[in-house]
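Both backbone and side-chain heavy atoms feed into the values below; hydrogens, waters and symmetry mates do not. Just so it is clear, the structure is predicted and the values come from calculations on it, not from any experiment. Note that ligands are numbered from 1 as they come in the structure, with each ligand's atoms numbered from 1 the same way.
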Amino acid sequence: MSSLKRDDVPVLAIDGPGGAGKGTVSRLLAAALGWHYLDSGALYRILALAASRRDIELEDEVRVAALAPDLNIRFGTGHDDSVWLDGEEVSAHIRHEDAGTMASVVAALPAVRQALLWRQRAFRQPPGLVADGRDMGTVVFTDAAQKVFLTASAEERADRRYKQLIAKGIDVNIGDLLADINARDARDSNRAVAPLRPADDATVIDTTRLSIAQVVSQVLALVTGEN
Ligand code: C5P
């Protein structure tokens, strides 16, 4: 058993807009390092789903925040990226485009962000944590040893999402996807609390012309100090 105190457990913070490849890259990094993985966006998505199922208005800050402490959430580990809410597997529900939009509405409410803080910090367990989100380096893990901000042009992100959905047999319009991405970016970047921005000490990587493997090896080089 490790005697590391929680604050001594190393954190690799990976922030950036939706579609920049954070999820895929973060999971691969966690596997390569043998560290835990926090998908913080999933927490916002689950909370929005739970609120809508209880007919709570997504803008109702007090009621949405009050839901957060009691949510019974379970994440799969390792290669298992499934998510359960109250014993029901909700992975497909929360990965839907609409769930992302709903998440960005509840994520703009300060009391909601506050209510989810301890849940996120509880993922900091030995031997280390790869934390994926929008404010991992700026708010949740300000003492992270390494902070990375992954970005890509909105067009490239829409194109990646389009290919993912088409591969799943879901028919979508790329213009609609681009409009959704721009609207979500605007909401995430302009909100009053924890707006989407790189931490001052973050390394910004533009993934527009990089493969996933290239991004993973650039970040690993940062972590192991081999750059
Ligand atoms: O990363 P993902 O697309 O799953 O996040 C969904 C939404 O949750 C984001 O658009 C953002 O509004 C919100 N979010 C956030 N802070 C995080 C992670 C996600 O505000 N750390």
(request) For the residue pair Leu38 and Met136, establish whether any side-chain heavy-atom pair is separated by less than 4.5 Å. (result) yes
(request) Would you mind listing every ring pair (Phe, Tyr, Trp, His ring centres under 6.0 Å) that reaches into residues 107-158, with sequence neighbours excluded? (result) Phe75-Phe123
(message) Strictly by ring pair (Phe, Tyr, Trp, His ring centres under 6.0 Å), give each pair with a member in residues 10-46 just once, sequence neighbours left out.
(response) none
(request) Taking only heavy atoms of the protein into account, state which residues are under 4.0 angstrom from an atom of ligand 1, in chain and number order. (result) Lys22, Ser40, Gly41, Tyr44, Arg45, Ala103, Ser104, Ala107, Arg113, Gly133, Arg134, Asp135, Met136, Arg184, Asp188, Arg191
(request) Answer yes if the side chains of Thr207 and Arg160 hold a donor-acceptor pair under 3.5 Å, and no otherwise. (result) yes
(request) Mind checking side-chain hydrogen bond (donor to acceptor under 3.5 Å, both in side chains) for Asp60 and listing every partner two or more places apart, or none if nothing turns up? (result) none
(message) Under the criterion side-chain hydrogen bond (donor to acceptor under 3.5 Å, both in side chains), I'd like the reasoning laid out for Arg187 against Ser104: C-alpha separation, chi angles, the key distance, then a yes or no.
(response) CA-CA 7 Å; Arg187 191 157 41 228; Ser104 78; 2.8 Å; yes
